[in-house]
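Read through the structure below, which is laid out as structure tokens, and then see the notes.
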Protein chains: 2
Amino acid sequence: MAADVRTQMIRGAVRLLARQGLQATSFSEVLEISGAPRGSVYHHFPGGKEQLIAAAVELAGAIPIDELGHETGAGAEEVTEHFLRMWRNVLTLSHFESGCAVLAVAVATESPELLGRTAAVFRSWRGRLAELLAGGGLSPRDAGRFATTLVASCEGAVVLSRAERSIEPFDLVAEQLREQLRRMLAAPG
Amino acid sequence: MAADVRTQMIRGAVRLLARQGLQATSFSEVLEISGAPRGSVYHHFPGGKEQLIAAAVELAGAIPIDELGHETGAGAEEVTEHFLRMWRNVLTLSHFESGCAVLAVAVATESPELLGRTAAVFRSWRGRLAELLAGGGLSPRDAGRFATTLVASCEGAVVLSRAERSIEPFDLVAEQLREQLRRMLAAPG
DNA sequence: GTCTATACGAAGATAGAC
DNA sequence: GTCTATCTTCGTATAGAC
């Protein structure tokens, strides 16, 4: 089946979260951006907004995992570049309008349930990156630590660059991360 | 003069922003947490909520600047430790309830004006840190790059640790940052 | 599955008394 | 400077028809 209404709504929610945050991700906005019919909101999401946002967090969380799926067996530098490029594209292709949808929920939700779901996403990213980096030449200890640093630094850098409407902060951070990785590959910890 | 009503309201707004995000930082909540009288909202903030949030961003932005004021002449490692300790305390002393008030506004506001103010705060942090790090032994180029990395990584790490309700992500990132710094001090770039 | 209509509450904002 | 009352807007959610 082609992208059904439900899927379109979730995609719209992800886009709105990344661009304008949780508050602005209202049903009316989601319906408008997704072209979904008004009457179908509570048909597809009987749990209301929280259910829609939860689905959006899950979808946004799956994207990096899927993207990194092809990197099995790659070197640590390639894995890192892939992750960096992904986030850089989020910024530049949107002209600094978009950030991270998961982070937007994490800092704005009042629901412990939703906060827990964002935490699960962050952990999944850290875990997947750690696996790949360990397979790509880093010691297990370095891999775990650098994976977490990669996620945290990218998230922070995206916030900075989006706010300043400039790629400069992101590129500075990316360069620092590359240097750090080179050092670890040369002298494992 | 003791902290007047206006100041109390701004402090309350900062606390709410850091804990629950922009949406939950409503007048009613701010009045409750600050004990300010209802009738004084638009007396002190004729510009409404946007003016209150702008003042909160400014106050929250000034805190690290003030804190780092005593670090002039200190070594790069001490400056870094000070900045890390500050953010670690935000997490642990609040039992992972608090994050960064400025970031909360940056990812949730729909006002370009407010977004610009958060950008100015981030730039001021980066600038001050770069100054101190350059005075503390780093080359100008390393100082600028590491200052931005420090801000971005801490911001991201705080989001991760708050979401996961665990200090682990933050401490992993902090350890990685320390290693980066040691390497740069040993072999300036 | 989708429609309209509507209830309900929350939040920002304003006016005028004290 | 502060109070109360009120207005408006908006977003979530429900009910019942098609």
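Just so we're on the same page: letters track the sequence lines, and every chain starts at 1. What's counted below: heavy atoms across the whole structure, side chains too, no hydrogens, waters or symmetry copies.
Between A/E179 and A/R183, none of the side-chain N atoms (NZ, or NE/NH1/NH2) sits under 4.0 Å from a carboxylate O, so this pair counts as no salt bridge. Contact check on A/E77 versus A/R178 returns no salt bridge, with no Lys/Arg side-chain nitrogen under 4.0 Å from an Asp/Glu carboxylate oxygen.
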**Q.** Check against side-chain contact (heavy atoms from CB on, under 4.5 Å), B/L91 and B/S98
**A.** CA-CA 6 Å; B/L91 289 167; B/S98 278; over 6 Å; no
- Would you check, one step at a time, whether the test salt bridge (charged side-chain N to carboxylate O under 4.0 Å, His left out) holds for B/E97 with B/R15? CA-CA 10 Å; B/E97 298 281 320; B/R15 199 148 67 234; over 6 Å; no
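The interatomic distance linking A/H44 (NE2) with C/dC3 (C1') rounds to 13 Å, in whole Å. As rounded to whole Å, 17 Å separates atom C1' of C/dT2 from atom CD of A/Q8. The interatomic distance linking B/Q51 (CD) with C/dG12 (P) rounds to 14 Å, in whole Å. Straight-line distance from the CG atom of B/D4 to the C1' atom of D/dT2: 15 Å, rounded to whole Å.
A/T118 places a side-chain N or O within donor-acceptor distance of the main-chain N or O of A/L115, the cut-off being under 3.5 Å.
Contact check, A/H43 against C/dT2: no side-chain N or O comes under 4.0 Å of OP1 or OP2.
For DNA chain C, no neighbouring residue in residues 99-113 of chain B is found when judged by any heavy atom under 4.0 Å.
Distance check: B/E50 CD to B/E110 CD gives 11.0 Å after rounding to the nearest 0.5 Å.
Taking the centre of each ring, B/F27 and B/Y42 come in below the 6.0 Å mark.
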What nitrogen or oxygen pairs link the protein and nucleotides 12-14 of chain D at under 3.5 Å?
residue	atom	partner	partner atom	Å
D/dT12	OP1	A/K49	NZ	3.1
D/dT12	OP2	A/F27	N	3.1
D/dA13	OP2	A/Y42	OH	2.8
D/dA13	OP2	A/K49	N	3.0
D/dA13	O5'	A/Y42	OH	3.0

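Residues B/Q20 and B/T25 have side chains that never bring a donor and an acceptor to within less than 3.5 angstrom of each other.
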